[in-house]
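Structure first, commentary second.
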Amino acid sequence: GLSSSCYGPEEAYMALGGHPHFALYIAIATALTVFVISIGYNQVVELFPSGGGGYKVASQLLGPYTGLVSGAALIVDYALTIAVSTASAMDAFFSLLPPTFLGYKLFAEAMIVLLLILLNMRGMKESIKILMPIFLGFFLIHIYLIVYGIAAHHQGLVHIVPDTLEETRKTVAEIGWIPVLALILHAYSLGGGTYTGLEAVANNVNRLREPRVKTGKWTMLYMAISLSFTAAGIILLYLLWQPQPVAGKTLNAVVFQAILGDSDLGKTVLLLTLVFEAGLLFVAANTGFLAGPSVLANMAIDNWVPNRFRHLSSRLVVQNGVILFGIFALAILLWCQGKVSLLVVLYSINVFITFSLSLFGMCVYWAKHRSQASPRWLLRLGFSFIAFAITSSILCITLVSKFESGGWLTVVVTCTVVFICLLIRRHYTLFNKKMQQLDIQLKQPIVHPLTNVAIDPQQPTAVIFVGKSPGVAMHTLLNVIRLFPRHFKNFAFLSVGIVDVESFAGQSELEKMRTEVNDNLQYFVDYCHQYGLAAEAYAAFGTDTVDELVKLALKVSKKYSNCIFFSSKMIFEHDNFITRILHNETPLTLQRNFHLEVKELVILPMKI
């Protein structure tokens, strides 16, 4: 989140054109709104401690289609996180080089994205030993430069407020209040990229140390303090030192060079400052690769994207997400020619779509739960509404003012993602209807009296995975009996209910899911008992099917030493590239996990 202060303040200041003193209003507004939005997002952390952020808030509080819009915006947003952070990092790095090297900047940006793809596919994990020095170096040097830059120009500091008021009065007299307000809001909206880290915290609360809610709130507070001080402080430096744009250099590089001077020590500190900026921006770029697959996993549970993305416990699934976001980011970066000013426009629009929907969802939540909420519900509603008003205003202003100069692209890309998700959901809906018909055909009636047969764990045992469709599990059971007549003496049925047990609606969802899963499992146990077969069932609940099934299977295998696991794989009559992407990832991922644990999983074909 702090890395966005490398490009957000510059974009806001440059948008003011010939009215630099208006930057004072933007500095104050930036510092205040960071805190207001962070307080609003503290409530998101409370309600969704398992992560999911904007997508889960919009889906559970405003409806699935609103959630789809928020999720699509987040997918584009994380791709743009990679693109804009990489481009800004290279801008900082190339500020140290002669202008003759600028022709290689876009190539270097593309190479950095490809390098990050390669590192993440190899399972790169950010170490606190690496991150802490980069963060501390960046923050401490910027604190020093901001404090020293203001102190060295303290005479100008006295005149800032009167000069700003005088320029405001003159400009209003010349063109009127509305154009002045529009100019300030437009510049302020372009600096809105500085708030992006707040959403990243809410999306990835599940990665934080326990207790996650408390840790998440402290993270929000630290981010708000550091971000508001750094972003507002840099804008104040622009206002005091009045830097002029220099080709091939960021405005930060220009103003820091003016503050530090041309001495050897000044050049060394400037070098360190820009290296730390580039380092933190590379870390920010990698956030897109780490957090993007989490968004896909949450959307996959609701059938908006291929089911294969839901299994975050599988390294191959994470790699699929890394490749997807990497190629997406590379395409956007090349299309925008690495121009940070254009990338920030695209970035801000998607960031504030998610912000606005999340905070509006919180408004709806407090309005609906005011009777059950604490006495402070009105205060929380007020904070959520103010934060929603700020973010939605920034969104509208940015979209209108920058639509022709690049804003249209992010609208087209986001709408394309929404359209693809709708097609995927439609396919799964039609597929599920066909599976319901198969359930009716394959589900066997229980007509014979039930015989409770004692289980002997030493005897051969068939362990069968039961999903949403009882027809598929029945197909597996009947084929096991047919292929291995009278061999298996015990049958164990395993099922996992997909539910976010930690969200605000988790308990009610868990009860509903528990009833469905247990009823389904009990049917198979009863079916075996009517034919005198020993059987029992096991259930688990979580957000990752494969992870929970593997844990459950390892537990069962300890009881049954002589067991074999069975699952079914769909065989489509008209097989094509699309069906291979959308189906059969779960049994194959399970099989890979089981082989690593030296367990046998037999996958039986089921023709559709």
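Numbering starts at 1 and runs along the sequence shown.
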(request) Could you check T398, T30, T33 and say which one makes a side-chain hydrogen bond (donor to acceptor under 3.5 Å, both in side chains) with Y188? (result) T33
(request) Report yes if some heavy atom in the side chain of E109 is under 4.5 Å from a heavy atom in the side chain of L106; otherwise report no. (result) yes
(message) Do Y347 and T81 pair up side chain to side chain, a donor and an acceptor below 3.5 Å, judged on atom types alone?
(response) yes
(request) Would you mind reporting whether L422 and L68 have side-chain heavy atoms less than 4.5 Å apart? (result) yes
(message) Measuring from atom CD1 of I353 to atom CG of L395, what distance do you get when rounded to the nearest 0.5 angstrom?
(response) 5.5 Å
(message) Main chain of I581, side chain of R308: is a donor-acceptor contact present, judged purely on distance under 3.5 Å?
(response) yes
(message) Between the side chains of K105 and D91, is the shortest nitrogen-to-carboxylate-oxygen separation below 4.0 Å, so that they form an ion pair?
(response) yes
(message) Determine whether a donor-acceptor pair (N or O, by modelled atom type, separation under 3.5 Å) exists between the side chain of D77 and the backbone of A73.
(response) no
(request) Grab the two heavy atoms, one from A27 and one from I235, that are nearest each other, plus how far apart they are. (result) CB-CG2, 3.9 Å
(message) Run the ring pair (Phe, Tyr, Trp, His ring centres under 6.0 Å) test on F107 and Y104 for me, step by step, so that the C-alpha distance in whole Å, both residues' side-chain angles and the decisive distance to 0.1 Å come before the verdict.
(response) CA-CA 5 Å; F107 175 76; Y104 301 100; 7.9 Å; no
(request) Would you confirm whether S392, through its side chain, and A389, through its main-chain N or O, come within 3.5 Å as a donor-acceptor pair? (result) yes
(message) Treating Y428 as the side-chain partner and N307 as the backbone partner, does any N or O pair qualify as donor plus acceptor under 3.5 Å?
(response) yes
(request) Please report the C-alpha distance between L260 and L145 in whole Å, then the side-chain angles of each, then the deciding distance to 0.1 Å, and finally whether the side-chain contact (heavy atoms from CB on, under 4.5 Å) criterion is met. (result) CA-CA 8 Å; L260 294 167; L145 289 171; 3.6 Å; yes
(request) Could you check if a side-chain atom of F139 sits within less than 4.5 angstrom of a side-chain atom of I143, using non-hydrogen atoms only? (result) yes
(request) Test F355 against F388 for ring pair (Phe, Tyr, Trp, His ring centres under 6.0 Å), laying out the working first. (result) CA-CA 7 Å; F355 272 172; F388 165 69; over 10 Å; no
(request) Locate the shortest heavy-atom distance separating S341 from V345; write the atom from each residue and the value. (result) O-CG2, 3.4 Å
(request) Might you point out which heavy atoms bring S70 and A58 nearest each other, and give the distance in Å? (result) CB-CB, 3.8 Å
(request) Indicate whether any N or O donor in one side chain lies under 3.5 Å from an N or O acceptor in the other, for N252 and Y7. (result) no
(request) Verify side-chain contact (heavy atoms from CB on, under 4.5 Å) between V322 and I117, making sure each step is shown before the conclusion. (result) CA-CA 6 Å; V322 166; I117 292 173; 4.2 Å; yes
(request) Side-chain contact test, heavy atoms from C-beta onward, threshold under 4.5 Å: evaluate it for L343 versus L333 and give yes or no. (result) yes
(request) Assess whether atom CZ of F35 is packed by more than 12 heavy atoms of other residues, nucleotides or ligands within 6.0 Å. (result) yes
(request) State yes or no: are the ring centers of F22 and H19 separated by less than 6.0 Å? (result) yes
(message) For a 4.5 angstrom cut-off between non-hydrogen side-chain atoms, does Y41 reach M362?
(response) no
(message) Would you compute the distance between atom NE2 of H142 and atom CZ of F229 and round it to the nearest 0.5 angstrom?
(response) 11.0 Å
(message) Could you tell me if S384 and Q43 have a donor-acceptor pair between their side chains, going purely by distance under 3.5 Å?
(response) yes
(message) Checking R425 against T429 for the side-chain contact (heavy atoms from CB on, under 4.5 Å) test, could you report, in this order, the C-alpha distance in whole Å, the side-chain angles of both residues, the deciding distance, and whether it holds?
(response) CA-CA 6 Å; R425 177 75 170 259; T429 300; 4.3 Å; yes
(request) Starting at CG of L342, measure out to OG1 of T410 and round the result to the nearest 0.5 Å. (result) 10.0 Å
(message) Taking A92's backbone N and O only, do any of them form a donor-acceptor pair with E277's side chain (distance below 3.5 Å, no angle check)?
(response) no
(message) Determine whether a donor-acceptor pair (N or O, by modelled atom type, separation under 3.5 Å) exists between the side chain of S5 and the backbone of L2.
(response) yes
(message) To check you understand the geometry: which heavy-atom pair defines the closest contact between C421 and M299, and what is its length?
(response) SG-CE, 4.1 Å
(request) Please check if the side chain of S85 supplies one atom and the backbone of F282 the other of a donor-acceptor pair under 3.5 Å. (result) no
(request) Give, for atom CD of Q242 and atom CG of L240, the distance between the pair rounded to the nearest 0.5 Å. (result) 8.5 Å
(message) Could you go through V84 and I332, starting from their C-alpha distance and side-chain angles, then the distance that decides it, and tell me whether this counts as side-chain contact (heavy atoms from CB on, under 4.5 Å)?
(response) CA-CA 9 Å; V84 74; I332 293 174; over 6 Å; no
(request) Determine whether Y148 and I259 make a side-chain contact, defined as any pair of heavy atoms from C-beta on separated by less than 4.5 Å. (result) yes
(request) For residues I349 and V76, determine if any side-chain heavy atom of one lies less than 4.5 Å from a side-chain heavy atom of the other. (result) no
(request) Look at the side chain of D302 and the backbone N and O of W304, then say whether any donor-acceptor pair between them is shorter than 3.5 Å. (result) no
(message) Donor-acceptor pair, distance only, cut-off 3.5 Å: does the side chain of T287 make one with the backbone of A284?
(response) yes
(message) Contact between K217 and E46 at the side-chain level, heavy atoms closer than 4.5 Å - yes or no?
(response) yes
(request) Specify the closest pair of heavy atoms between I498 and R310, including all atoms of both residues, with the distance to one decimal. (result) CG1-NH1, 4.2 Å
(message) Under a 3.5 Å distance rule, please check whether N350 uses its side chain to pair with a backbone N or O of L346 as donor and acceptor.
(response) yes
(request) State yes or no: are the ring centers of F328 and Y78 separated by less than 6.0 Å? (result) no
(request) Assert yes or no for the condition that the ring centre distance of F289 to F325 is strictly below 6.0 Å. (result) no
(message) Which heavy atom of A87 sits nearest to which heavy atom of G338, and what is that distance?
(response) CB-O, 3.7 Å
(request) Taking atom types as modelled, find out whether Q257 and K267 have a side-chain donor-acceptor pair closer than 3.5 angstrom. (result) no
